[in-house]
Asks: 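Attaching a single structure in structure tokens format; questions to follow.
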2 protein chains.
Amino acid sequence: MDASQLDLVLAAMAHPSRRRMLDLVSSVPGMSVTAVASHFDVSRIAVMKHLRLLETAGLITSRKKGRVRHLFFNPIPIQLVYDRWTTQYAGFWAGRMADLKTRVEGRAEKEELKSA
Amino acid sequence: MDASQLDLVLAAMAHPSRRRMLDLVSSVPGMSVTAVASHFDVSRIAVMKHLRLLETAGLITSRKKGRVRHLFFNPIPIQLVYDRWTTQYAGFWAGRMADLKTRVEGRAEKEELKSA
DNA sequence: TTGATATGTAACCGTTAGGTTACGTGTTGT
DNA sequence: ACAACACGTAACCTAACGGTTACATATCAA
């Protein structure tokens with residue numbers, strides 16, 4: 001996944017309505033656009049635009065059957081984002097954990113000395 | 001972390017320049033605003049705005065010492081996002097993994113039968 | 001066949017994101 | 001003292017976001 005794809009995925013997730021839509025579609029695979037729209041206060045057109053963004057980001061796929069577009073959740077981009085973050089900040093996590101551990105242990109030692 | 005905080009963090013991460021800024025600040029703790037800006041083509045003002053967003057999202061903190069603002073990376077929000085996503089989609093991951101495992105195992109069995 | 005249904009397109013509108021330049025304020029080094 | 005420096009604020013611009021209404025198209029069901 002390149003940077004621009006990462007942008008798309010993160011931007012798509014950065015909207016509460018779109019996260020709710022992901023929840024809906026992942027819990028009811030094959031859900032229609034209208035069915036999704038029925039859970040929101042905004043117009044169906046607005047919902048369609050959100051869904052288009054989600055599909056562009058690769059977070060949902062869709063197949064049209066007759067007059068109904070069936071929606072499916074695709075978790076792969078999220079997993080890729082996870083991998084990226086964890087590897088990118090792995091060193092920092094480790095370092096920070098180590099620092100924290102050291103400090104906590106240091107304080108614990110002081111406390112022990114004080115009480116001794 | 002509430003939904004609006006999640007919005008802030010995801011939106012802040014959804015820009016390649018801001019991700020690069022996080023990389024910079026995490027690799028050089030205490031870095032100044034000007035030092036960060038020197039790594040980008042856009043104006044210092046634009047960089048300041050990005051940094052303000054990052055700070056609002058809680059991804060960086062800053063302390064001013066004299067005329068210099070020192071920046072520090074804060075990984076906590078990222079961990080919270082991570083936790084939220086993993087728990088929210090945990091069931092789905094498990095199900096999908098199981099599906100994949102079943103299919104892979106099914107194909108493996110077929111392959112074994114074929115070669116047998 | 002024909003009316004209801006599901007989706008899609010087009011045009012528009014207000015707000016915000018992301019950028020600029022100009023200028024102001026406080027701090028530091030010589 | 002004062003020039004250079006680091007940061008901050010203000011005003012402005014353009015494009016994209018998120019929403020609307022109106023209309024068009026295609027499919028299903030009675």
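A, B, ... follow the sequence lines: proteins, then strands. Residue 1 opens every chain.
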Asks: Give me the atom names and distance for the closest heavy-atom approach of A/Met31 to A/Val36.
Replies: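 That closest heavy-atom pairing would be SD-CG2, 3.8 Å.
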Asks: For A/Val42, what residues pass the side chain to side chain contact (heavy atoms under 4.5 Å, CB included) criterion, not counting sequence neighbours?
Replies: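 So A/Val42 forms a side chain to side chain contact (heavy atoms under 4.5 Å, CB included) with A/Phe40, A/Ala46, A/Val47.
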Asks: Show every side chain to side chain donor-acceptor pair (under 3.5 Å) that has at least one partner inside residues 29-54 of chain A, sequence neighbours left out.
Replies: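 Non-adjacent pairs meeting side chain to side chain donor-acceptor pair (under 3.5 Å): A/Arg18-A/His50.
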Asks: Distance check needed: C/dT16 P versus B/His50 NE2, whole Å only.
Replies: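 Checked: the NE2 to P distance equals 18 Å.
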Asks: Ignoring hydrogens and geometry beyond distance, is the side chain of A/Arg67 in donor-acceptor contact with the base of C/dT5 at under 3.5 Å?
Replies: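 Indeed there is one.
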Asks: Grouping I, L, V, M, F, W and Y whenever their side-chain heavy atoms are under 4.5 Å apart, do B/Met48 and B/Leu71 come out in a common cluster?
Replies: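 Same hydrophobic cluster.
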Asks: Which nucleotide span of DNA chain D, 5' end to 3' end, has atoms closer than 4.0 Å to non-hydrogen atoms of chain B?
Replies: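 Going 5' to 3' along DNA chain D, contacts run D/dA4 to D/dA11.
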Asks: Got a sec? Which of residues 52-60 of chain A come in under 4.0 Å of DNA chain D, heavy atoms?
Replies: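 Correct list: A/Leu53.
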Asks: Return the set of residues passing side chain to side chain contact (heavy atoms under 4.5 Å, CB included) with B/Ala11 (not counting sequence neighbours), or none when no residue passes.
Replies: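 By the side chain to side chain contact (heavy atoms under 4.5 Å, CB included) rule, B/Ala11 matches A/Ala14.
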Asks: Just by distance, do the side chain of A/Asn74 and the backbone of A/Ile60 share a donor-acceptor pair under 3.5 Å?
Replies: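 Flag not set: sc A/Asn74 to bb A/Ile60 has no pair under 3.5 Å.
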Asks: Who pairs with A/Ala57 by side chain to side chain contact (heavy atoms under 4.5 Å, CB included), at least two apart in sequence or on another chain?
Replies: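 So A/Ala57 forms a side chain to side chain contact (heavy atoms under 4.5 Å, CB included) with A/Leu8, A/Val9, A/Ala12, A/Leu59.
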Asks: Going only through I, L, V, M, F, W and Y residues with side-chain contacts under 4.5 Å, is there a path from A/Leu6 to B/Leu24?
Replies: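 A/Leu6 and B/Leu24: one cluster.
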Asks: Rounded to the nearest 0.5 Å, how far apart are NZ of A/Lys64 and CZ of A/Arg69?
Replies: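 If we round to the nearest 0.5 Å, A/Lys64:NZ and A/Arg69:CZ are 6.0 Å apart.
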Asks: Distances under 3.5 Å between protein N/O atoms and the N/O atoms of nucleotides 21-25 of chain C, please, pair by pair.
Replies:
none

Asks: What are the residues of residues 31-42 of chain B, sorted by number, that bring a heavy atom to within less than 4.0 Å of DNA chain D?
Replies: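 The answer is B/Ser32, B/Val33, B/Thr34.
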Asks: Distance-only, no hydrogens or angles: does the B/Arg19 side chain make a donor-acceptor pair with backbone N or O of B/Met13 under 3.5 Å?
Replies: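 Such a contact is found between B/Arg19 side chain and B/Met13 backbone.
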Asks: Please report the distance, rounded to the nearest Å, between CG in B/Asp7 and P in C/dA17.
Replies: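 Answer to the nearest Å: 12 Å.
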Asks: How do A/Lys65 and B/Met48 order along DNA chain D: which one's closest nucleotide is nearer the 5' end?
Replies: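 Checking each residue's closest nucleotide, the 5'-ward one belongs to B/Met48.
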Asks: Do B/Phe72 and B/Ile76 sit in the same hydrophobic cluster, where Ile, Leu, Val, Met, Phe, Trp and Tyr count as joined when their side-chain heavy atoms come under 4.5 Å apart?
Replies: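 Cluster IDs for B/Phe72 and B/Ile76 differ.
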Asks: Can a side-chain donor-acceptor contact be found between B/Glu55 and B/Thr61 if the only test is distance below 3.5 angstrom?
Replies: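 No.
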Asks: Report the residue (B/Arg69 or B/Lys49) whose heavy-atom-nearest nucleotide on DNA chain D is the more 5′ of the two.
Replies: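 First, find each residue's nearest nucleotide; the 5'-ward one identifies B/Arg69.
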Asks: Report the C-alpha distance between A/Ile78 and A/Phe73 in whole Å, list the side-chain angles of each, state the deciding distance to 0.1 Å, and finish with yes or no for side-chain contact (heavy atoms from CB on, under 4.5 Å).
Replies: CA-CA 11 Å; A/Ile78 294 184; A/Phe73 174 53; 4.1 Å; yes
